[in-house]
Structure formats: C-alpha cells, structure tokens
Amino acid sequence: MHEASLALELLKITQGVLAEHGGSRILRVKVAVGELSAVEPELLRYAWEAVTLESPAQGSVLEVEFFPARQVCPTCGPVQRSPGSWLPLCVSCGAPLRVEGGDELDLLEVEFDVNGEKS
Ligand SMILES: [Zn+2]
C-alpha cells in the first residue's frame, strides 16, 4: 500500500526534524499531495494514525493540501476541466494540451512541542 509506506517515510522525516530541534512531541504535520501522485488523502490520514501509534507523533494532526493538475494549451493558456476528467485537446483551438503541476508530494510544515512550548 502506497499510503502506508509514505506515512512511514513521513514519520521518519518528522522524527528527524524533531530530534534536530530537540522537540519532544509532534503536534501537526502538513503535506502537499498532488492529483497525479496517486495518493489518497483520506487513506494517508488513516495510515498516519496507524504508524504514529507509540511514537512522538501519536495523536498529531496530518493536514493534506491537495494540488490538482492543470491542463494548459500552448496558445490559449490553462483550460477548464472538471476534476478527475481529462480533455484530449484544447476546446478552443484543438491544440494538444500539456499537464502542469499535480505531481506534488512534499512535506510542507512540521509543528512540534519543545518543553511544553509550541514551536
Ligand atoms: Zn487552445
């Protein structure tokens, strides 16, 4: 399962951040998930809950910021489409479209506790 290994990876990174700053507990983690990254935000939250049990991140909040992909026409610019559906060609001029963005998969923020103080 993609989300489970990703959650483990995130935990490893956030624990590294925690150790580096001498924090005691992870409170909140924010990640960017692109539409094309094949990560289901809901599943990732479940996986996070599971892998953080008995860790300094237990009970922490995983926030997922979703980034949709954009289809762009070389002549007309970004093209409107409904989420989850793809246009083969530009609706205005018929040119092939390219895809921009949507492949994000990044750790954006880690909020942790240092001696009872938020940081
Ligand atoms: Zn066009």
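Quantities reported herein were computed from a predicted structural model and do not represent experimental measurements. Order of appearance sets the numbers: ligands from 1, and atoms from 1 within every ligand. By convention here, the first residue in the shown sequence is residue 1.
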Asker: Within the distance-only criterion (no hydrogens, no angle test), does the side chain of S60 pair as donor or acceptor with the backbone N or O of R28 below 3.5 angstrom?
Answerer: no
Asker: Tell me how many protein N, O or S atoms are closer than 2.8 Å to the Zn ion (ligand 1).
Answerer: 4
Asker: Is the shortest side-chain heavy-atom distance between W48 and L11 below 4.5 Å?
Answerer: yes
Asker: Can you give me the closest heavy-atom contact between G22 and V114, atom names plus distance?
Answerer: O-CG1, 3.9 Å
Asker: Roughly how far, to the nearest 0.5 Å, is the OG atom of S37 from the CG atom of L6?
Answerer: 8.0 Å
Asker: OG1 of T14 to CD1 of I26: how many Å apart, nearest 0.5 Å?
Answerer: 3.5 Å
Asker: Applying salt bridge (charged side-chain N to carboxylate O under 4.0 Å, His left out), which residue pairs with at least one partner in residues 69-90 are found, sequence neighbours left out?
Answerer: E35-R81, R70-E100
